[in-house]
Protein chains: 2
Amino acid sequence: MARKTKGESEQTRARILDAAEIEMLERGVGKASLEQIARRAEVTRGAIYWHFEDKASLLQAMIARTKMPMRDLRRCIGENIPSAAPRELLREMMLHAVQRLAGDAQHRRVCHIVLHRCEINDREVASNRVLEAMFDDTRTALLALCEEITEDFALAPGLSPADASDMIVAFLAGLYECSLRHPATYAVENNAPAKIDALLGGLFPQPAGGAP
Amino acid sequence: MARKTKGESEQTRARILDAAEIEMLERGVGKASLEQIARRAEVTRGAIYWHFEDKASLLQAMIARTKMPMRDLRRCIGENIPSAAPRELLREMMLHAVQRLAGDAQHRRVCHIVLHRCEINDREVASNRVLEAMFDDTRTALLALCEEITEDFALAPGLSPADASDMIVAFLAGLYECSLRHPATYAVENNAPAKIDALLGGLFPQPAGGAP
DNA sequence: TGATACATACATTCGTGTATGTATGTAATA
DNA sequence: TATTACATACATACACGAATGTATGTATCA
């Protein structure tokens with residue numbers, strides 16, 4: 001009915017984004033109508049069109065709320081654990097990714113939407129640019145780490161550093177995939193450290209001289 | 001214009017399914033209109049509605065064309081390589097999955113559609129029942145294999161057979177994910193045997209007494 | 001000659017986008 | 001301080017296209 005104060009307006013915007021998360025998760029991005037989103041947020045479509053240009057930019061804003069860095073992640077972890085060798089860093093990064101997926105419900109929802117509730121392949125669309133950037137980012141960061149690790153550890157026979165980082169990306173992508181699609185069966189947090197150690201043990205066997 | 005012979009009708013049906021694969025891959029299941037599919041198949045929507053009830057059953061038929069067994073796969077491979085120990089069987093199964101994804105273009109398309117171009121989570125919908133069944137099937141088959149393997153090989157510290165099979169499912173899911181989304185960067189067939197061996201090496205280290 | 005294998009035409013629904021209305025907060029002015 | 005003026009934050013109403021489903025027409029095979 002009436003104009004609200006700036007703070008209330010921000011709350012409205014947030015409620016719209018919350019509602020969009022739920023609706024898009026349940027019905028998919030394409031089938032979630034702005035009308036349903038508005039109803040859940042207890043506003044009308046007018047409010048949505050006031051805060052966002054269209055559904056695409058609404059989705060984009062939704063994704064932007066839960067920003068997922070990866071090159072930053074390394075720096076962040078490296079600063080917190082300055083003594084860590086690259087292999088430890090890699091382990092921590094993988095653990096962090098898993099733990100965030102297990103603990104941050106909003107992040108789970110948005111990842112689920114971007115990965116499984118968004119059928120558009122158009123590069124113009126926000127979710128796809130985000131996905132592509134995320135993959136590239138992750139791959140680049142992990143490749144650099146794997147190359148560093150090979151200064152201390154031998155690689156498994158027949159593997160290049162790129163192969164190793166590709167395997168790690170695939171493993172993480174698969175964890176997301178399984179955990180989001182079948183949370184009951186594949187809880188991410190289930191024994192995650194042991195799983196990560198097993199994978200890293202296969203990729204980078206202990207150096208010839210050292211025993212655990 | 002005119003009625004065709006039974007064989008020609010089957011060809012029409014196949015052309016519709018082919019067209020649907022391409023359109024749904026490019027635009028997504030939701031945005032691919034029956035009109036566009038019909039045009040690509042060089043028929044009208046009338047032909048589609050003659051062969052299929054609606055878009056959902058068209059999708060279902062599309063999926064059914066490229067059936068993906070997994071419990072059958074084990075039997076099949078087991079018959080071809082009767083001497084194989086369970087660990088060899090597992091290796092062969094993983095290789096087979098990777099090679100099919102690399103070699104069978106139609107399988108790639110359908111997997112891509114089911115995994116990434118279909119935003120519906122409704123359990124009534126074909127693609128989701130298929131996906132769920134595929135995951136369950138794969139998990140069951142791999143779990144049984146992993147349990148057999150532990151009779152000959154020790155598991156990595158802290159892992160149960162279920163953890164091991166979960167990791168394998170995640171790894172395979174991630175391979176599909178990466179290879180389908182970014183075929184240029186992550187070609188599945190790139191050094192696949194070495195990657196699989198590295199993973200299995202991490203999960204099932206050699207038995208204490210044996211040297212390679 | 002009847003069932004088949006489509007093509008054509010039509011009705012209906014659904015969602016989007018936009019144009020417009022309206023009541024309130026807020027700043028300038030007097 | 002009260003008033004004016006304008007921007008804000010929505011709600012309401014309407015126009016439009018796109019896609020679906022169905023009803024009907026039609027030519028051919030068997």
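Scope of the values below: all heavy atoms of this structure, side chains included, with no hydrogens, waters or symmetry mates. In the text below, chain A, chain B and the rest are named by the order of the sequence lines, each starting its count at 1.
- Here B:Lys6 does not reach the OP1 or OP2 of D:dC29: none of its side-chain N or O atoms lies under 4.0 Å away.
- At distances below 3.5 Å, not a single donor-acceptor pair connects side-chain atoms of A:Arg117 with backbone N or O atoms of A:Met24.
- Within the nucleic acid shown, A:Ser9 comes within 4.0 Å of sugar-phosphate atoms alone, with no base atom in reach, counting heavy atoms only.
- Side-chain atoms of B:Ser179 do not come within 3.5 Å of backbone N or O of B:Tyr176 as any donor-acceptor pair.
- Residue contacts shown for B:Ser33 are limited to sugar-phosphate atoms, with no base heavy atom under 4.0 Å away.
- Between A:Trp50 and D:dC10 there is no side-chain N or O to OP1 or OP2 distance below 4.0 Å.
- Listed candidates were C:dA7, C:dT16, D:dA9. Nearest to the side chain of B:Ala47 is C:dA7.
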Measure all distances between protein nitrogen or oxygen atoms and nitrogen or oxygen atoms of nucleotides 11-13 of chain C, and list the pairs falling under 3.5 Å.
none

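- Side-chain contact annotation: A:Thr66 with A:Arg108, donor-acceptor N/O pair under 3.5 Å absent.
- Taking 4.0 Å as the cut-off between side-chain N and carboxylate O, A:Glu21 and A:Arg65 count as a salt-bridged pair.
- Under the 6.0 Å distance and 45° angle rule, A:Arg13 does not count as a cation-pi partner of A:Phe52.
- Salt bridge present: A:Glu23 and A:Arg40 bring a charged side-chain N and a carboxylate O closer than 4.0 Å.
- Between B:Tyr49 and D:dT22, a side-chain N or O to OP1/OP2 separation shorter than 4.0 Å is absent.
- Whole-Å rounding puts the B:Leu58 CG to D:dA19 P distance at 16 Å.
- Put simply, CD1 on A:Ile48 is 10 Å from P on D:dA11, counting in whole angstrom units.
- Remark: of the listed residues A:Ile37, A:Asp54, A:Thr12, A:Ile37 is the sole one forming a side-chain contact (heavy atoms from CB on, under 4.5 Å) with A:Ile48.
- Atom P of nucleotide D:dG17 and atom NZ of B:Lys31 are separated by 18 Å, given to the nearest angstrom.
- Between the C1' atom of D:dT20 and the CD atom of B:Gln36 lies a distance of 14 Å, rounded to the nearest Å.
- The CG atom of B:Leu34 sits 10 Å away from the C1' atom of D:dG21 (whole-angstrom rounding).
- With rounding to whole Å, B:Arg27 atom CZ is found 13 Å from D:dA19 atom C1'.
- Distances from the side chain of A:Asp54 to the nucleotides D:dT8, C:dC6, C:dG17 place C:dG17 closest.
- Rounded to whole angstrom, the span from the CD atom of B:Glu8 across to the C1' atom of D:dC29 amounts to 10 Å.
- Side-chain nitrogen and oxygen atoms of B:Thr5 include at least one within less than 4.0 Å of the OP1 or OP2 phosphate oxygen of D:dA30.
- Between C:dA5 and B:His51, no contact under 4.0 Å exists linking OP1 or OP2 to a side-chain N or O.
- In this structure, CZ of A:Phe52 is placed 15 Å from P of C:dT16, rounded to the nearest angstrom.
- Across D:dA13, D:dA11, C:dT8, the shortest atom-to-atom separation from the side chain of B:Thr44 is found for C:dT8.
- Salt bridge status for B:Glu10 with B:Lys6: absent, with no side-chain N to carboxylate O gap under 4.0 Å.
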